[in-house]
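Within every chain, numbering begins at 1; the chains are lettered A, B, ... in the order of the sequence lines, protein sequences first and strands thereafter.
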Amino acid sequence: MKHLILILTFLLAGAALNGCEQPLEGPPIRIGYMNCNSVEETMQRFRPLTAYLEQKLGRPCEAIPVDTQDLESRFAAGEFDFVHGNSLLYIILKENHDLQLIATEKRGQFGSYTAGAIIVRRDSQIQSLEDLRGKRMIFGPQLAPTGYLAQYDLMLKAGFDPDRELDYYALPRGAFKHEKVIYGVYFGDYDVAAAPVLDLEIMTREGKISADDFRILAQSETIPYCTFGAAKTVDQGLAEKFRKVLLDLTPEATVEIDGQRLKVLDAAWIDGFEALLDQDYDPIRVMAKRVNMPPYQEF
Amino acid sequence: MSPSLYDRHFWVILAAGVGLGVLGVLLAVWGNPQNSGICVSCFIENSSGALGLHDNERMQYLRPELIGFVLGSIFCASVFREFRSRGGSAPLARLVSGVFLIVGSAVFIGCPIKLFLRLTAGDLTAIAGVVGLFAGVWLGLQGLARGIDLGRTEDERGATGLLVPAGFVLLLVFLLARPAFIFFSERGSAAQHAPLMISLLVGLLLGALAQRSRFCITGSVRDGLLMGSRSPLFWGFFAFLLGAFGTNLVMGRFSFGFYGQPGAHLEHLWSFLGMLLVGWLSVLIGGCPFRQLIKAGEGDADAGLAVVGMLLGGGLVQSWGIAATAAGVTLAGKVSVLVGLAFVLGLSLLFRDRTA
Amino acid sequence: MLRDRFDQLMIASLVVVLLFAAVLLAGAGPGENNRAASVMNRQLEREMLYQARVAFIERHYSPVVALRNSGALQEALLKLEELGRTLPGAAHNDLMSGDILLRMGHFDRALTKLAAAVRRNADYVDPASPLSQRPLVESAVSEGLPLVRDRLRSQPDSRSLAQVVKDGYYLQSRLAGGCE
């Protein structure tokens, strides 16, 4: 009986300790998140994920929003231990700064992959890439793999040089660049647009556009979507642990932020994470070389 | 010591074993679902659906084999003057046991006969069920050895033993007349069936053989554990395995592996526990679902109540989402198996004779 | 039996009751009993409901089928997103997505979508159903599963690939038949 009481006491104590939150130890892990639209939106999306990582890793974590254009220089300056950005940024940081691949984000029909499309209005007279000669086109931001790179590459592969053969092309400014691109062609400001397939998918799902509004002239092969990477200085053990937390994340995982319990993946607009291999990013490398973009740009 | 080769009963047992194995596979060749040529629990679920006890449109068919088992048994028992109305041994406990026999089987996806039909067709997911069944039978034997007894079955006046066979005669009438209130699936596994007369004749033959031989799967496992190769049922079981395996090979129905098996899932723990429940209960109430049907045909009203419980269970496992599918075991299925195990443990405590 | 008048009375009553039931059954017209008639109609209603469901699915998804058949696969996927707004969680949405993703060569996503569709509606692998899509599911399994399995071998710690392989096995199991 005495033994039984002792065992029960230990078990209860163990259970009670297990229920307590683990104290956070060590220097903070700095995670840079590429801004898609605004700092506020980035923080709103990724604060829950950061808090979740903090909980699971037992280390304080700091979410740092960063503009796409500044990401490489700030990374090079050692501001981040981990970084979340698009797949072209992954290639740039991998080639120039030995970034380690951690995990790829899953979102939409193609999961951890996505594609770029060249779209026109359904009623447009343009039927093929040939017909784009002398037309007005709008691209997404220049470092967007499926908003610029993929479409530019599609045209080059088809023997069409956008720099010389389009009437002109524009790049949007400010926030919601991909939506602006899609609306740009929808409202007739441009004849053709370079739209990420994922944005088309999301805007259709949200009822902002109809599937019947557009025609897809051409679509790139699918390439990996946004990616988490770790600086080469990050301890391998920590990087592995970080990867495991991401890969094990389920839609049911929650975290408390400002007194509210939030679903981590829902808040970040992510369906989950997948472990891709570095060679899965090779198509982007090929595209970047053909389009003469960083990290392979030659002057 | 092996059973005597001059013993006629031994050959009847072998015939029952071989018949069950060979015809169990052939019925699937003739139209029953793959690896389910004979599956008492699946057939019970189908029949419950046909009677309107659940509304899964894909699981409604009055399986002629079940009717054949009971009527074959009563015919044989009557011819050999073995029909005897008897009962009175913990009837309600047996009724509830019948429900849980189907729960355990539904979570595994198959009764003990189908368990071995699956295994002899190369389905390695059945191994967990085999281990579970043996463990369940062993636990049941431990209980019996320690005084668990549901009470004596006594001869009953009034021919109550005829009620369940009469019910199955009525089912035969329904099957042949097809009144509108009996449901027959047009899609799903219940729509897959061998020609009616073949199913019925096979059922009658196997029912008669099982009645004469007392052959059943859990009984064979039980006797095998108790007596090893000295038990005639052990050899019957061996004949059943050989017959099923050989027929599967000859008919090109052997597919070895864990994955992509028909009507099987990969949740081995629950396969184990489901069959553990079936094995344990079968020992306590004196037979697996197949044997309960045969005994009901011999006039055993207690087995008849277990059969009624099985029909009720067939309705419940479908209506409450207890039955597992190839997608896995539902939460309701897992909880039900645990409740079933709690029920067996309760029986073991309440029906134990501690005076010995 | 039949030893006294009581037994004889019981036997006679039994015969009368059985005869009465037989006469009732023999003479009963279809409209005699509303309850029985409603039960009789249930099978018919069930079949009508099923046919209506099939027709509903065919009508709603015909634009997607037309786009798919014309080779406009991405537009077909977008159309499915749009239909998902009015028919959220429809198994047919998953089925069509799986079909299109398979044509696009996304075997892993196709297997996941097809498995989700079959889990919700087993008619897609039932040869007896007008909704049957067995050839599609068979080709997804035969082409996709070996590829995904090979990838899993090179990335054994990938949970998502392991899940896709599980989906593939599930479809394989459903195609193999057996009890449900």
Side-chain angles (χ1 to χ4, degrees), chain A residues 101 103-120 122 146 182 195-223 240 243-250 271-280, chain C residues 60-64 66-68 70-89 93-114 116 144 148 150-165 167:
Chain A
L101 176 59
T104 312
E105 187 180 320
K106 286 199 287 189
R107 197 175 174 198
Q109 290 276 17
F110 300 118
S112 53
Y113 284 78
T114 184
I118 298 174
I119 60 167
V120 292
R122 169 87 43 199
T146 56
I182 292 164
V197 163
L198 182 62
D199 287 81
L200 287 171
E201 191 183 311
I202 292 166
M203 287 173 76
T204 309
R205 194 183 309 151
E206 291 174 349
K208 290 177 178 170
I209 55 170
S210 160
D212 300 326
D213 293 337
F214 302 99
R215 208 151 22 83
I216 294 172
L217 279 190
Q219 185 167 322
S220 74
E221 66 177 299
T222 53
I223 52 176
E240 268 313 308
R243 182 207 308 271
K244 191 169 180 328
V245 174
L246 291 180
L247 296 181
D248 289 350
L249 247 174
T250 62
D271 295 337
F273 287 93
E274 191 161 350
L276 294 189
L277 302 171
D278 180 66
Q279 70 221 41
D280 294 325
Chain C
H60 270 76
Y61 287 90
S62 61
V64 182
L67 285 166
R68 181 200 66 188
S70 70
L73 299 181
Q74 185 59 54
E75 278 105 325
L77 278 179
L78 292 176
K79 195 72 194 166
L80 279 175
E81 291 292 344
E82 196 171 284
L83 283 174
R85 286 173 59 78
T86 45
L87 303 166
N93 215 313
D94 284 329
L95 182 97
M96 292 299 302
S97 297
D99 179 354
I100 295 162
L101 289 164
L102 184 68
R103 286 164 195 253
M104 291 172 121
H106 288 272
F107 295 106
D108 52 343
R109 299 294 296 168
L111 285 171
T112 300
K113 289 285 184 183
L114 291 175
V148 185
D150 284 349
R151 271 194 71 184
L152 183 63
R153 269 189 215 112
S154 62
Q155 286 175 267
D157 61 339
S158 171
R159 265 179 61 151
S160 49
L161 276 178
Q163 183 55 49
V164 178
V165 170
D167 287 337

Original post:
Is any side-chain heavy atom of Lys244(A) less than 4.5 Å from a side-chain heavy atom of Asp157(C)?
Top reply: no
Subject >> Separation of Leu83(C) CG from Thr204(A) OG1 (nearest 0.5 Å) >> reply: 11.0 Å
Original post:
When only pairs under 4.5 Å are counted, which of Gly272(A), Gly111(A), Ala103(A) shares the most heavy-atom pairs with chain C?
Top reply: Gly111(A)
Original post:
Taking atom OG of Ser210(A) and atom NZ of Lys79(C), what is their separation to the nearest 0.5 Å?
Top reply: 5.0 Å
Subject >> Closest approach of Glu82(C) to Ile209(A) (non-hydrogen atoms, all atoms of both residues) >> reply: OE1-O, 4.4 Å
**OP:** Compare all side-chain heavy atoms of Arg159(C) with those of Thr250(A) and state whether any distance is below 4.5 angstrom.
**Re:** yes
Original post:
What part of Asp213(A) lies closer than 4.5 angstrom to a heavy atom of chain C: side chain, backbone, both or neither?
Top reply: neither
Original post:
Would you call Arg109(C) and Tyr113(A) a side-chain contact if the rule is heavy atoms closer than 4.5 Å?
Top reply: no
**OP:** Pick whichever of Met203(A), Glu206(A), Arg215(A) has the most heavy-atom pairs under 4.5 Å with chain C.
**Re:** Glu206(A)
**OP:** Go through the atoms of Leu77(C) and report whether side chain, backbone, both or neither lie under 4.5 Å from a heavy atom of chain A.
**Re:** both
Original post:
Any side-chain heavy atom of Asp212(A) within less than 4.5 Å of one from Glu75(C)?
Top reply: no
Subject >> Segment of Ser112(A) engaging chain C (4.5 angstrom heavy-atom cut-off) >> reply: neither
Original post:
Which heavy-atom pair separates Ile216(A) from Leu78(C) by the least distance, and what is that distance?
Top reply: CD1-CD1, 4.3 Å
Original post:
Quick one: what part of Lys106(A) sits under 4.5 Å from any heavy atom of chain C, side chain, backbone, both or neither?
Top reply: side chain
Original post:
Side chain, backbone, both or neither: which part of Gln109(A) has an atom under 4.5 Å from a heavy atom of chain C?
Top reply: both
**OP:** Output the distance between atom CD (Gln74(C)) and atom CZ (Phe214(A)), rounded to the nearest 0.5 Å.
**Re:** 13.0 Å
Original post:
Can you say whether Gln155(C) sits under 4.5 Å from chain A via the side chain, the backbone, both, or neither, judging by heavy atoms?
Top reply: side chain
Subject >> Side chain / backbone / both / neither for Ile202(A) at chain C, heavy atoms under 4.5 Å >> reply: neither
Subject >> Distance in Å, Ser160(C) OG paired with Asp271(A) CG, rounded so as to fall on 0.5 Å steps >> reply: 12.0 Å
**OP:** Keeping the roles fixed (side chain from Arg205(A), backbone from Arg85(C)), state whether a donor-acceptor pair exists under 3.5 Å.
**Re:** no
